[in-house]
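Have a look at the structure below, then the notes.
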Amino acid sequence: AAGKPERAFGTCQDITERKRLEVEVIEREIYLQSVIESQINGIVVVSANGEITLANESAAAILELKRDEVTGRYYQESDYWKQIDLEFQPLPAESLPLGRALVHGQMVTGFEHGIVFPDGNTKWLSVSAAPIRRADGSQNGAVASFLEITEVYLQRERNLQQLQRLRLQR
């Protein structure tokens, strides 16, 4: 009558299992992040629209950017890098490994191409990409792994030039 409660009611629910699963999910995320970070290959994850949502330190180093400058860009981005084929011709986005993974759902391995940076420097990469799928099988984005192969590419070109000179001497 004086506005004081006479009784209190409450319920109780055991959430032990839910809390255990939350900890398990966090531990898996930390584990997967450490696996990605431990790779010498550059690794990027892109959303369905091609935006880079995750990049490891190796990717940032290969792309000559800070990690936070890689995320938020689009894999086909042309304001910073230009992607070229082995004959120095521009590569359309749909021909790139991530484009093929995103648009066609294809897995691509060992695709070699160059990246030309604003200063004119070119790095050659070997890239593999695959679609990322949800549990229901629908595509949710793609992941690419790449390794710089500039020295291998340049040595292969030197070998071809030497072979041509030898053939001319015959």
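None of these values were measured; they are calculated from a predicted model.
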Nearest atoms (heavy-atom pairs only) where [X] meets [Y]:
X: Gly105; Y: Pro131; result: O-CG, 3.4 Å
X: Val70; Y: Ala60; result: CG2-CA, 3.9 Å
X: Ala55; Y: Ile52; result: CB-CG2, 4.4 Å
X: Gly110; Y: Ser128; result: N-OG, 3.2 Å

With rounding to the nearest 0.5 angstrom, report the [atom1] to [atom2] distance, [X] to [Y].
X: Thr122; Y: His113; atom1: OG1; atom2: NE2; value: 12.0 Å
X: Lys82; Y: Phe117; atom1: NZ; atom2: CZ; value: 12.0 Å
X: Ser95; Y: Gln89; atom1: OG; atom2: CD; value: 12.5 Å
X: Leu125; Y: Ile115; atom1: CG; atom2: CD1; value: 4.5 Å

Evaluate the side-chain proximity of [Y] to [X]: yes if any heavy-atom separation is below 4.5 Å, no if none is.
X: Val44; Y: Thr71; result: no
X: Gln83; Y: Leu96; result: yes
X: Leu102; Y: Gln139; result: yes

Listed once per pair and sorted, the salt bridge (charged side-chain N to carboxylate O under 4.0 Å, His left out) pairs that draw on residues 86-109, sequence neighbours left out: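 Of all non-adjacent pairs touching residues 86-109, none passes salt bridge (charged side-chain N to carboxylate O under 4.0 Å, His left out).
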Return yes when atom CD1 of Ile40 has more than 12 non-hydrogen atoms of other residues, nucleotides or ligands closer than 6.0 Å, and no otherwise.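 Open.
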Other residues, nucleotides, ligands: >12 heavy atoms within 6.0 Å of Arg28 CZ: no
Between Asn121 and Glu64, is the side-chain contact (heavy atoms from CB on, under 4.5 Å) condition met? List the steps. CA-CA 11 Å; Asn121 183 33; Glu64 299 180 2; 3.4 Å; yes
Do [X] and [Y] belong to the same hydrophobic cluster, where Ile, Leu, Val, Met, Phe, Trp and Tyr are linked whenever their side-chain heavy atoms lie under 4.5 Å apart, directly or via other members?
X: Tyr80; Y: Val116; value: no
X: Val108; Y: Val127; value: yes
X: Leu147; Y: Met107; value: no

Transitive ILVMFWY cluster of Ile43 at side-chain heavy atoms under 4.5 Å: who else is in it?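 Ile36, Val45, Leu54, Ile132, Val143, listed by chain and number.
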Sequence neighbours excluded, every pair satisfying side-chain hydrogen bond (donor to acceptor under 3.5 Å, both in side chains) that has a member inside residues 151-160: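 side-chain hydrogen bond (donor to acceptor under 3.5 Å, both in side chains) check on residues 151-160 returns Glu112-Arg156, Gln155-Arg158, Gln155-Asn159.
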Can you run down the side-chain hydrogen bond (donor to acceptor under 3.5 Å, both in side chains) pairs that involve residues 50-60, sequence neighbours left out, and say none if there aren't any? Glu57-Arg67
Salt bridge or not between Lys66 and Glu69? Use side-chain N to carboxylate O under 4.0 Å.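 Result for this pair is no, no salt bridge flagged.
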Would you confirm whether the ring centroid of Phe88 sits within less than 6.0 angstrom of the ring centroid of Trp124?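 They qualify: ring centres under 6.0 Å apart.
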Please enumerate all residues that pass side chain to side chain contact (heavy atoms under 4.5 Å, CB included) together with Asp136, with sequence neighbours excluded.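 Side chain to side chain contact (heavy atoms under 4.5 Å, CB included) list for Asp136, sorted by chain: Arg134, Ser138.
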Quick one: side chain to side chain contact (heavy atoms under 4.5 Å, CB included) partners of Gln162, sequence neighbours excluded? Arg165, Leu166
Please assess Thr150 against Lys123 for the test side-chain contact (heavy atoms from CB on, under 4.5 Å), listing each intermediate value before the final yes or no. CA-CA 6 Å; Thr150 301; Lys123 287 186 180 181; 3.8 Å; yes
Determine, step by step, whether Phe146 and Ile62 satisfy the side-chain contact (heavy atoms from CB on, under 4.5 Å) criterion, reporting the C-alpha distance in whole Å, the side-chain angles of both residues, the deciding distance to 0.1 Å, and the verdict. CA-CA 9 Å; Phe146 50 96; Ile62 291 168; 3.8 Å; yes
